[in-house]
Amino acid sequence: MNPLTRPLALALLVGTLLLAGGAAMHPILHGDGSMELGMIGSMPIWRTMHLAMLGGTGLIIVGIWVRLVGAPSNSQTTGAVIVALAIITVGIALDSLNTTFMAGPAWRMAGALAAGDTAVTRQFELMHPVGLMSARFGNYLIALGALLLGAAEWLTLGRPKWLAVLAWIAAAGGLVGVIFFDEATPEMLGAVSLLCGWQVGAAIVALRRPAALN
C-alpha cells in the first residue's frame with residue numbers, strides 16, 4: 001500500500017463526516033435579511049458549525065486525491081482522473097465561499113443586528129447572493145467533474161463499477177440542482193451532497209486494497 005493511501009482515505013472520510021454533519025444540522029434560511037440574520041443569531045453553534053464544515057471541506061479537497069494513490073494504475077484513465085479531480089477541487093472551493101461568508105461576515109452581522117444595528121440587514125441582502133451564486137457555480141463544476149470521474153472509474157480495470165455509478169449520480173443530481181432550482185434552496189447543492197457517496201466509497205475501497213499498489 002502506498003504510504004499516502006491511509007491518511008488520504010481517512011482525511012476523505014473525516015472530511016465527509018464533518019461536512020455532511022454540519023449540513024444536516026443547518027437550518028433552511030428563509031424570509032428577508034432581518035429574518036435570516038435573526039435565525040443565524042438564534043443558533044449559538046452557528047459559527048462552530050460552519051467552521052467544522054470548512055474544516056471538513058479542506059480535508060475533502062486533500063482526501064479525494066486518494067483516487068490516484070489508492071487505486072490500480074491505468075495510463076489510459078489517469079489523465080482523466082487528474083482532470084476530473086482538479087475540476088471537482090475548484091468546484092468544492094467555490095462552493096465553500098458561501099460557507100466562509102456564513103462563518104464570518106453573516107455571523108458578525110447577526111450579532112450587530114441583535115445589538116440594534118439595522119443597517120447590516122441591507123449589507124447582508126447584498127452580500128449573501130454573491131456567496132449563493134458562487135456555490136451554484138461551484139456545484140456546476142463538481143457535477144461536470146463527477147461526470148468525467150464516473151467515466152474514468154468505469155473504464156479503469158479493477159475498479160468497482162458502483163463507484164462510477166455513484167459519481168454519475170452526483171453528476172446527474174448536481175446538474176438538475178443547478179439548472180432547475182434556485183440557489184437559495186438545498187436542492188441546488190445536489191452535486192456536493194451526492195458526491196459524498198463516491199467519497200465514502202472511494203475511501204473504503206482504497207483502505208481495503210493493500211495489494212493494489214506495491
Side-chain angles (χ1 to χ4, degrees), residues 11 14-64 86-146 170-171 173-196 199:
V14 173
T16 301
L17 179 62
L18 287 172
L19 183 60
M25 294 188 297
H26 201 292
I28 299 176
L29 298 179
H30 57 83
D32 58 17
S34 62
M35 291 178 62
E36 293 189 343
L37 287 175
M39 294 176 66
I40 293 171
S42 68
M43 292 188 65
I45 66 167
W46 181 267
R47 180 172 168 84
T48 301
M49 178 176 65
H50 284 81
L51 290 177
M53 292 172 69
L54 287 173
T57 298
L59 290 174
I60 291 170
I61 287 175
V62 173
I64 59 172
I87 294 172
I88 291 172
T89 297
V90 174
I92 293 174
L94 287 172
D95 177 74
S96 70
L97 289 179
N98 190 53
T99 307
T100 304
F101 170 75
M102 287 298 178
W107 177 72
R108 289 181 171 82
M109 289 177 186
L113 180 63
D117 184 2
T118 58
V120 298
T121 299
R122 182 56 178 164
Q123 296 174 21
F124 177 81
E125 291 174 343
L126 291 173
M127 295 177 64
H128 191 199
V130 178
L132 291 175
M133 285 303 298
S134 175
R136 189 183 195 110
F137 184 56
N139 274 265
Y140 171 64
L141 290 181
I142 294 170
L144 293 181
L175 289 174
V176 168
V178 297
I179 293 173
F180 296 105
F181 290 90
D182 185 85
E183 58 268 13
T185 62
E187 290 83 2
M188 190 276 295
L189 300 172
V192 71
S193 300
L194 294 172
L195 191 65
C196 288
Q199 290 165 193

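Side-chain atoms of Asn139 never come within 3.5 Å of backbone atoms of Gly91 as a donor-acceptor pair (strictly under, hydrogens ignored). Formation of a donor-acceptor pair under 3.5 Å by the Glu183 side chain with backbone atoms of Leu132 is not found in this model. Between the side chain of Ser134 and the backbone N or O of Asp95, no donor-acceptor pair lies under 3.5 Å. Under the 3.5 Å distance criterion, the side-chain polar atoms of Asp117 are left unmatched by any main-chain donor or acceptor of Leu113. The closest donor-acceptor contact from the side chain of Thr100 to the backbone of Ser96 lies under 3.5 Å. Proximity of a side-chain donor or acceptor of Ser193 to a complementary backbone N or O of Gly190 within less than 3.5 Å is not detected.
Residues Leu18 and Met53 approach most closely at O-CG, 4.2 Å, considering heavy atoms. The nearest pair of heavy atoms linking Met25 to Met43 is O-CE, 4.2 Å. The shortest heavy-atom contact between Asp32 and Ser34 is OD1-OG, 2.8 Å. When every heavy atom of Val120 is checked against every heavy atom of Ala112, the shortest pair comes out as CG1-CB, 3.8 Å. Minimum interatomic distance between Ala11 and Gly63 (heavy atoms only, all atoms of both residues): CB-CA, 4.4 Å. Taking all atoms of both residues into account, the shortest heavy-atom contact from Ala106 to Phe124 is CB-CE1, 3.9 Å.
Below 30°, between 30° and 60°, or above 60°: for His50 and His26 the angle between ring planes is above 60°, a perpendicular geometry.
Thr48 meets the side-chain hydrogen bond (donor to acceptor under 3.5 Å, both in side chains) test with no other residue; sequence neighbours excluded. Residues forming a side-chain hydrogen bond (donor to acceptor under 3.5 Å, both in side chains) with Thr99 (at least two apart in sequence, or on another chain): none.
Considering only heavy atoms from C-beta on, Ile88 comes within 4.5 Å of Ile64 through its side chain. Asn98 has its side chain within reach of His128: a pair of non-hydrogen atoms, C-beta onward, lies under 4.5 Å apart. Between Leu19 and Val192, the closest side-chain pair of non-hydrogen atoms falls below 4.5 Å. By the 4.5 Å heavy-atom criterion applied to side chains, Phe137 and Val178 are not counted as neighbours.
We find the OH-CE distance between Tyr140 and Met188 to be 14.5 Å, quoted to the nearest 0.5 Å. Atoms CD1 and CD, on Ile28 and Glu36 in that order, are 11.5 Å from each other to the nearest 0.5 Å. Distance check: Gln199 CD to Leu195 CG gives 4.5 Å after rounding to the nearest 0.5 Å. Leu37 contributes atom CG, which lies 8.5 Å from atom CD of Glu125 (distance to the nearest 0.5 angstrom). With values rounded to the nearest 0.5 angstrom, Thr89 atom OG1 is found 11.0 Å from Leu94 atom CG. From Ile92, atom CD1 reaches atom CD1 of Ile87 across 12.0 Å, with rounding to the nearest 0.5 Å.
Among pairs with a residue in residues 15-29, none fulfils salt bridge (Lys or Arg N to Asp or Glu O under 4.0 Å), at least two apart in sequence or across chains.
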Fill in: Criterion side-chain contact (heavy atoms from CB on, under 4.5 Å) on Arg136 and Leu189, from CA distance to verdict
CA-CA 7 Å; Arg136 189 183 195 110; Leu189 300 172; over 6 Å; no
Worksheet item: Should Met102 and Trp107 be marked as a side-chain contact (heavy atoms from CB on, under 4.5 Å) after you check the CA-CA gap, both sets of side-chain angles, and the distance that decides it?
Response: CA-CA 6 Å; Met102 287 298 178; Trp107 177 72; over 6 Å; no
